[in-house]
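One structure is given below, encoded as structure tokens.
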Amino acid sequence: MSQACQPKLASDAGALTDTDGSPQIFPLNELSISDLQGKMEKKEFTSRQLVELYKHRIEEVDRNGIKLNSVIELNPDALAIAEQADRERSNGTVRGPLHGIPFLVKDNIDTGDQMMTTAGSLALSGHRAQADAPLVRQLREAGAVLLGKTNLSEWANFRSGRSSSGWSSRGGQTKNPYVLERNPCGSSSGSGVAVAANLCAFAIGTETNGSITCPSSVNGIVGLKPTVGLLSRSGIIPISASQDTAGPMTRTVRDTALVLGAMTASDQNDEATRKRPTTPPGDYTQFLHADGLNGKRIGVEKSFLKVHEKVDALLQRAIAQMKEKGATVVEVEFRERLKTIGDAEYKVLKYEFKDGLNRYLASANSTVKSLRDVIAFNTAHAETVMPFFGQEILEESEALGNLETEDYRRALEKVQTVSRKAIDDAMKESRLDALCGPATGPAWCTDVVNGDAFSGYGMGD
């Protein structure tokens with residue numbers, strides 16, 4: 001039997017009230033990175049105090065009270081890291097705009113500390129990485145304070161076709177902070193919810209196909225999937241070498257630019273970063289211009305129009321705003337050209353998942369050393385690992401060969417050729433500077449029995 005979906009609002013849950021029953025005001029509510037930096041500069045807050053406030057809110061909102069389940073583990077070293085940032089500031093050293101700013105990372109990203117990296121799976125319980133993933137190291141070097149790790153759709157939503165986004169056997173079901181019975185979308189569900197619920201200043205998610213953009217959309221924040229090769233993927237439990245990348249999830253476009261700039265160092269262990277044709281600019285805030293749309297041609301996919309009346313109203317409002325800023329908006333059709341790659345893309349993901357996960361686990365500090373081991377663990381612990389849905393995607397991936405097979409090579413060539421041509425042709429035919437559309441539709445009712453009910457929107461579809 002599927003779960004009922006009642007419109008219970010997070011604000012109705014009574015988690016944030018004072019002793020007299022009045023609403024409790026969180027002092028860091030909706031503050032941007034720049035806001036927090038300004039308050040530290042004025043000595044209104046220290047980095048340690050920011051960490052303490054976010055940790056207290058996580059305890060009240062995420063683990064107790066309404067129990068959002070978005071934070072899977074807190075960093076026991078966070079206060080010490082914050083104190084070091086405060087000492088540096090007192091001595092006149094501020095490393096940059098992220099100095100002393102608390103953040104969270106998705107639990108498929110390595111952190112070389114006391115926290116585990118499990119991709120939400122009990123099969124990896126106890127696994128502690130030997131070192132930080134390069135992007136985590138870069139954020140630490142920029143002065144940011146790692147507060148903890150976020151829940152996710154187990155194995156980044158690559159275990160079953162009937163999975164519930166935001167559910168993992170380690171962390172349970174993450175809830176949408178606006179309407180608790182609605183789904184937060186995945187797989188970076190915990191990161192999206194944590195930012196939306198003011199549990200951190202910013203978070204890092206990962207995306208193969210919609211796992212940053214969908215939870216960002218559903219939770220009302222800004223999320224960016226960078227071009228593959230802009231950021232290192234080393235130290236991240238993978239799905240697809242040809243599509244995976246991490247990306248920032250924040251409250252504002254400016255915050256996203258600030259975080260992205262701190263994460264773009266090259267990595268000799270990631271072939272995609274080695275092959276990038278140009279050096280990233282480092283500071284992406286230089287491109288934030290209020291008149292940036294003036295004179296530009298923006299394409300909007302026609303199939304996104306008149307699908308859902310409320311989404312359509314939001315899209316029309318966005319189109320009107322772009323026109324007010326001087327853009328020319330052109331209706332285009334390119335999604336139809338992408339429909340032929342669905343089966344081939346899924347095949348590519350399964351081949352690359354097996355290859356990438358086996359490589360990751362072979363050198364990991366975990367008891368499971370291969371995808372085959374993961375499948376065996378899940379089977380042996382089915383009551384706790386698979387109470388709602390199975391692992392058919394893992395099993396289908398394990399049954400495939402390696403990346404030298406002709407079957408894989410043909411599928412990869414088809415995906416890359418068709419997708420690039422579809423987008424390039426649409427851009428050229430209509431002389432476009434960019435394509436736009438809704439990242440997803442309305443949040444669906446969470447249903448761990450029947451799985452997700454995606455609405456058919458999405459630029460990644």
[X] and [Y]: side-chain donor and acceptor closer than 3.5 Å?
X: S191; Y: K106; result: no
X: S240; Y: E352; result: yes
X: Q243; Y: T208; result: no
X: D107; Y: T118; result: yes
X: D35; Y: S32; result: yes
X: S303; Y: R335; result: yes
X: D110; Y: Y360; result: yes
X: S164; Y: Q173; result: yes
X: S211; Y: S188; result: no
X: Q84; Y: E88; result: yes

Give a yes or no answer on whether the side chain of [X] reaches the backbone of [Y] with a donor-acceptor pair at less than 3.5 Å.
X: H289; Y: Q286; result: yes
X: D312; Y: E309; result: no
X: S153; Y: G166; result: yes
X: T93; Y: R89; result: no
X: E392; Y: G161; result: yes
X: D447; Y: V449; result: yes
X: Q37; Y: P97; result: yes
X: D113; Y: M115; result: yes

V193 and N176: side chain to side chain contact (heavy atoms under 4.5 Å, CB included), yes or no, with the steps? CA-CA 7 Å; V193 170; N176 189 302; 5.8 Å; no
K350 charged N/C atom sitting above Y346 aromatic ring, 6.0 Å / 45°: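 That pair qualifies as a cation-pi contact.
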Pi-cation contact, F202 with R251 (under 6.0 Å, within 45°):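 Judged by the rule, R251 and F202 form no cation-pi pair.
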Check side chain to side chain contact (heavy atoms under 4.5 Å, CB included) between T285 and all other residues, then give those that pass, not counting sequence neighbours.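 Here the qualifying residues are R254, A257, L258, D283, L288.
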Quick one: side chain to side chain contact (heavy atoms under 4.5 Å, CB included) partners of E83, sequence neighbours excluded?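 R48, R87.
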Check the pair K55, E59 against salt bridge (Lys or Arg N to Asp or Glu O under 4.0 Å), reporting the backbone distance first and the verdict last. CA-CA 6 Å; K55 285 182 67 176; E59 290 296 333; over 6 Å; no
At their closest point, which heavy atom of [X] faces which heavy atom of [Y], and how far apart are they?
X: F334; Y: E301; value: N-OE1, 2.8 Å
X: A443; Y: N183; value: CB-O, 3.5 Å
X: C200; Y: V195; value: SG-CG2, 4.0 Å

Given the rule in the side chain to side chain contact (heavy atoms under 4.5 Å, CB included) test, do I298 and L432 qualify, once you have shown the distances and angles that lead to the verdict? CA-CA 6 Å; I298 310 297; L432 302 177; over 6 Å; no
Residues forming a disulfide (SG to SG under 2.5 Å) with C214, sequence neighbours excluded: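 Listed in chain order: C185.
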Could you go step by step and tell me if D244 and E207 meet the side chain to side chain contact (heavy atoms under 4.5 Å, CB included) rule? CA-CA 6 Å; D244 286 352; E207 175 167 324; over 6 Å; no
For S165 and N157, what are the C-alpha separation, side-chain angles and deciding distance, and is it a side-chain hydrogen bond (donor to acceptor under 3.5 Å, both in side chains)? CA-CA 7 Å; S165 285; N157 223 4; 3.3 Å; yes
Describe, in one word, how the ring planes of Y351 and Y408 are oriented to each other, choosing from parallel (under 30°), tilted (30 to 60°) and perpendicular (over 60°).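 Tilted, since the angle between the ring planes falls between 30° and 60°.
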May I have the step-by-step check of side chain to side chain contact (heavy atoms under 4.5 Å, CB included) for V348 and S242, ending in yes or no? CA-CA 9 Å; V348 167; S242 61; 3.9 Å; yes
Rounded to the nearest 0.5 Å, how far apart are OG of S234 and CG of N269?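 Taking OG in S234 and CG in N269, the distance rounds to 5.0 Å.
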Could you give the distance from CZ (F353) to CD1 (I237), rounded to the nearest 0.5 Å?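 With rounding to 0.5 Å, CZ (F353) is 9.0 Å from CD1 (I237).
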Evaluate K421 against D425 for salt bridge (Lys or Arg N to Asp or Glu O under 4.0 Å), listing each step before the verdict. CA-CA 6 Å; K421 180 173 173 40; D425 286 353; 2.7 Å; yes
Could you walk me through whether N69 and N151 satisfy the side-chain hydrogen bond (donor to acceptor under 3.5 Å, both in side chains) test, starting with their C-alpha distance in whole Å, then the side-chain angles of each, then the deciding distance to 0.1 Å, before giving a yes or no? CA-CA 7 Å; N69 286 339; N151 199 12; over 6 Å; no
Begin with the C-alpha distance, continue with both residues' side-chain angles, and end with the deciding distance and a verdict on salt bridge (Lys or Arg N to Asp or Glu O under 4.0 Å) for E141 and R95. CA-CA 8 Å; E141 290 173 352; R95 303 189 195 185; over 6 Å; no
Go through the steps to decide whether T150 and S70 satisfy the test side-chain hydrogen bond (donor to acceptor under 3.5 Å, both in side chains), and finish with yes or no. CA-CA 6 Å; T150 57; S70 68; over 6 Å; no
Between L104, V71, I204, T117, which is the residue that forms a side chain to side chain contact (heavy atoms under 4.5 Å, CB included) with K149?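 Running side chain to side chain contact (heavy atoms under 4.5 Å, CB included) over L104, V71, I204, T117 with K149 returns exactly one hit, T117.
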CA sep, side-chain torsions, deciding dist, call: D62, K67, salt bridge (Lys or Arg N to Asp or Glu O under 4.0 Å): CA-CA 4 Å; D62 206 68; K67 296 183 179 178; over 6 Å; no
